[in-house]
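Worksheet for the structure shown next.
Convention: sequence-line order gives letters A, B, ...; per-chain numbering from 1.
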Amino acid sequence: MPAPKFLAAFLLAAAYLCAQKPGQLRTIPSGKPSMQFPDAPGRDTAQKVCGTCHGAEVVVSKGLTRQDWTQVIASMVTRGAKGSDDEFAQVLDYLTANFPPRTKAGDFGPSQLKPQQRPSGATGVGSDDKHVVDAEAASRGKTIYAAECVNCHGTTSRGTDNGPDLTRSLVVLHDRYGSSIGPFLRQSHPMQSGGDRAKLSAPQLEDLSHFLHQRVDDVLRSGPYNKVLNVLTGDAHAGAAFFNGAGKCGTCHSPAKDLAGIAKKYDAPALQQRFLFPQSGGFGRRGPGAARPNAVTVTVTVTAPSQPAVSGVLVNLDDFNVALRDSSGDYHSWTRTPSLKIAKHDPLAAHADLLEIYTDKNIHDVVAYLNTLK
Amino acid sequence: MRLPVLFALITALHAQSLDPAKLAHLPTDSWPTYNGDFSGRRFSPLSKINAANVNSLSLSWVYRVNGGGGAIKATPLVVDGVMYFTVPDKVWAIDARTGREIWNYSWQSKGGMHIGNRGVGIYGKWLYFETPDCNLVSLNLSDGKPRWHKSICDLDQLYFGSVAPVVINNHVIVGVSGDDLDVPGYLESRDPETGDLQWHFSVVPKPGEPGSETWPNAEAMAHGGGMTWVPSTYDPELNFVYFGTGNPQPVIAGKRRIGDNLFTESIVAVNLDNGKMVWHFQSSPHDTHDWDAVQTPVLIDGEVNGQKRKLIAQASRNGYFFVLDRATGQNLVSKEFVKTNWSKGVDAKGQPIPNPAKEPQIDGALVTPNQGGAANWPPPSFSPDTGLFYINASRGFSVYYIYDIDQKPEGWGGNDRGGRAESMLEAIDYKDGKIRWSHKWEGSGIRSGVLSTAGNLVFAGDPANNLVALNATTGDPLWHCNLGNAMSNGPMTYELDGTQYLVVGAGDTLYGFAMLSK
């Protein structure tokens with residue numbers, strides 16, 4: 001992707017964000033089911049591509065990296081999202097610019113957002129008046145947890161033999177800023193520091209509440225666990241053998257040419273996804289702003305009776321019509337009839353065919369091999 | 001057969017009320033429940049629109065909800081010439097002849113996932129729908145005025161409401177949704193007059209109950225999932241309610257729920273009167289791919305080996321087509337309707353045997369179908385005329401990962417990524433599960449419902465946003481209309497004043513087609 005284009009997108013996003021109070025984009029009017037996407041460059045495209053199937057609240061309550069948004073878009077394409085490559089690129093820019101990861105300091109504190117302005121949950125679920133975690137308060141709460149709770153409820157607060165799982169506790173789930181946790185602990189509950197009830201102050205209980213709700217949010221789809229840990233479990237030599245042998249990858253690719261330095265461009269999880277599903281886009285590319293969905297250049301040649309063949313990039317094909325854009329940029333469209341000849345060429349077809357034959361070992365071997373191409 | 005109890009009461013009511021006697025077989029002048037009738041067949045005996053004349057089908061009316069908040073996923077109901085449908089938090093009544101709005105109702109939401117709403121249920125002169133913030137709401141059918149609402153789930157546990165209630169006799173059957181925290185699924189019956197609880201069926205057993213031996217401990221059971229996402233079907237003679245149950249939880253990272261995890265991922269029959277389970281069949285033992293087995297269980301009155309049988313069939317999200325005896329749950333057919341790579345075949349009970357190597361892995365496992373599944377919530381159809389079960393199927397690949405390596409993963413400790421899919425409309429022979437014809441669509445990702453009719457037609461959506469009519473016997477596409485958005489619900493049909501209408505939803509718009517008189 002050319003740098004100036006990225007720079008322009010960045011400046012647009014930066015200019016937009018500067019004009020907004022932090023976090024303002026995530027504001028969802030309480031209880032509005034038909035939420036529109038917040039206004040920003042690319043908003044109309046996002047509304048068109050995403051809003052066909054679901055409301056904006058499902059999207060805007062997430063905060064993800066460009067790489068993860070690319071994954072989300074790729075996944076949505078397989079589930080029916082419709083758009084041109086350019087439109088998906090616009091959606092990716094829009095989401096990346098406006099819904100970055102929310103774990104940055106100050107991104108989500110109560111000083112910027114009042115509870116009643118909060119979005120409808122970290123994944124668009126839950127009550128509009130749900131507890132929204134203040135990261136700094138949660139950090140203070142973690143200290144209290146370590147001092148008073150960790151021995152029985154465990155380091156992840158998922159319980160031990162001596163104490164129940166707190167991320168699944170109804171006392172926690174029904175709590176708002178200490179409203180249930182406070183009375184529960186103060187009434188009767190043994191504490192690590194001694195005593196049979198909590199002697200924590202109201203602010204301390206609120207901090208503890210923030211910490212426990214943070215633990216709950218962590219296990220949601222939007223939580224910090226949402227990343228691939230390690231795909232480098234294969235054998236690079238076996239991967240090279242598959243590349244040159246059964247996989248027939250060498251028919252189109254060369255480690256000395258198009259794949260030279262590929263592992264400098266992409267991290268290993270991205271390499272794995274890319275060679276399996278190259279049509280899904282360029283996620284995980286190393287370096288700034290490089291992760292646009294690929295332009296899938298399926299081409300088609302259409303021949304009408306007694307007419308010269310017309311070739312170009314496939315725009316639309318269904319049981320009834322076919323359309324393409326030729327190399328000079330002209331658009332052509334036909335109604336399908338038995339005498340109309342259509343020859344489609346998908347340059348990524350070999351990748352799709354391989355899905356039928358790969359073992360998981362093949363896949364991890366190939367990733368290990370590609371990861372050596374630095 | 002419990003219907004007569006209510007006949008006298010209901011038939012005495014005036015316009016805009018539903019006579020439940022109409023539900024035993026799909027009537028021609030109405031579409032009175034989510035699937036048209038209780039069978040889930042979505043087969044209409046109407047044939048004024050047929051394979052010979054479908055090219056003359058006209059657009060009669062359009063109704064746009066102007067929401068901006070997602071697609072119409074509800075199958076509209078039609079009672080006494082009025083059509084009722086929903087998007088999350090909103091209900092409309094429109095004239096089924098003209099698409100003209102009669103009333104609309106908006107629920108003031110307190111939150112919840114607004115991803116979709118499958119529609120309404122109707123009883124007498126009352127209407128019922130679920131809200132994302134966990135309420136069952138009853139409205140007056142004639143003017144949309146609210147009557148009462150009852151809480152049916154806990155928002156703080158991240159449940160939400162999306163299912164169309166199904167009214168069977170004096171029972172309003174409601175399911176619940178939610179796949180974010182690890183919480184138990186259930187199905188409930190509510191009193192149509194008061195909304196009070198009549199019975200509660202818990203999908204996952206308690207310690208000591210049958211099925212508990214398929215869980216490692218009480219805590220895993222208490223958080224075992226099994227949502228009831230899709231409206232039920234019903235056999236009036238057996239008095240059994242049939243529904244599918246959702247995935248176990250934690251959904252992807254299943255190492256702390258070793259075992260088959262009954263009665264998640266199952267087709268379940270319960271007694272209508274008390275909600276007690278009669279039988280179950282597990283479509284996906286110990287699922288770790290989010291392939292909830294909630295796809296409509298369709299009642300088929302069929303013949304197997306020369307004997308008449310009461311059957312039930314499901315094209316399941318995991319890629320298998322199942323046919324069971326619906327009186328006993330005995331398995332008769334288990335066959336892939338798309339090629340899969342996750343099972344080691346089926347066991348003696350006809351249940352697929354999951355291959356542990358294809359469970360989600362830290363470094364990834366390539367799995368087909370993908371998480372979206374070979375089928376999903378959109379309703380299939382069965383035509384007794386052709387003996388074929390029609391499903392808009394998908395075959396996708398993705399890589400399933402474990403993200404959370406804690407000894408006790410919770411919530412979403414993994415997910416699938418990427419993917420490639422192809423889509424096709426399939427016609428499956430219920431007798432042996434063989435695919436009689438398959439019409440492959442160009443492109444992928446369509447998730448429309450299907451309708452079949454006595455006009456030898458099947459209606460379905462394609463990935464290019466077309467509503468397509470195909471010859472039900474051969475699968476040849478006969479007619480289409482590009483709707484500009486992907487079809488987003490199940491098509492339905494009815495006849496009023498001698499005119500047969502066909503209605504589909506695409507995005508925020510309902511399209512009413514008709515075979516207009518000459």
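Side-chain contact between B/Y401 and B/I362 is absent, with no heavy-atom pair separated by less than 4.5 Å. Two residues are said to be in side-chain contact when any heavy atoms from C-beta on lie closer than 4.5 Å; B/P463 and B/E442 fail this criterion.
Of the two parts of A/R176, only the side chain, counted from C-beta on, holds a non-hydrogen atom closer than 4.5 Å to a non-hydrogen atom of chain B. For chain B, the nearby part of A/L276 is the side chain; its heavy atoms alone come within less than 4.5 Å. For B/A357, the part lying under 4.5 angstrom from a heavy atom of chain A is the backbone only. For B/D133, no part lies under 4.5 angstrom from a heavy atom of chain A. Both the backbone and the side chain of A/L173 come within contact range of chain B, each with at least one heavy atom under 4.5 Å from a heavy atom of that chain. Contact of A/H174 with chain B is made through backbone and side chain together, with heavy-atom distances under 4.5 Å. Heavy-atom distances place the side chain of A/N316, and not its backbone, under 4.5 Å from chain B. In this structure, the portion of B/V468 lying under 4.5 Å from any heavy atom of chain A is its side chain and not its backbone. If you measure heavy-atom distances from B/R395 to chain A, the contacts under 4.5 Å come from the side chain alone. Residue B/I72 does not touch chain A at all, counting heavy-atom pairs closer than 4.5 Å.
For the residue pair A/D319/B/H480, the side-chain donor-acceptor check at 3.5 Å is not satisfied. Defined by atom type and a distance below 3.5 Å, a donor-acceptor pair is present between the side-chain atoms of B/N117 and B/T86.
When A/T167, A/N230, A/L170, A/V228 are compared by the number of non-hydrogen pairs under 4.5 Å with chain B, A/V228 comes out ahead. With chain A as partner, the option from B/E422, B/Q361, B/Q407, B/H439 having the largest number of non-hydrogen pairs under 4.5 angstrom is B/H439. Of all the listed residues (A/V216, A/N226, A/N321), the one sharing the greatest number of non-hydrogen pairs under 4.5 Å with chain B is A/N226.
For A/D175, the salt bridge (Lys or Arg N to Asp or Glu O under 4.0 Å) criterion is met by no residue, not counting sequence neighbours.
With salt bridges taken as basic N to acidic carboxylate O contacts below 4.0 Å, one links A/D165 and B/K408. Between A/R221 and B/D179 no salt bridge is recorded (no basic side-chain N to carboxylate O distance below 4.0 Å).
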Are B/K110 and A/D129 close enough, and set up right, to give a salt bridge (charged side-chain N to carboxylate O under 4.0 Å, His left out), and what steps lead you there? CA-CA 8 Å; B/K110 293 187 166 63; A/D129 76 343; over 6 Å; no
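In terms of heavy atoms, B/M113 sits closest to B/P132 at O-CB, 3.4 Å.
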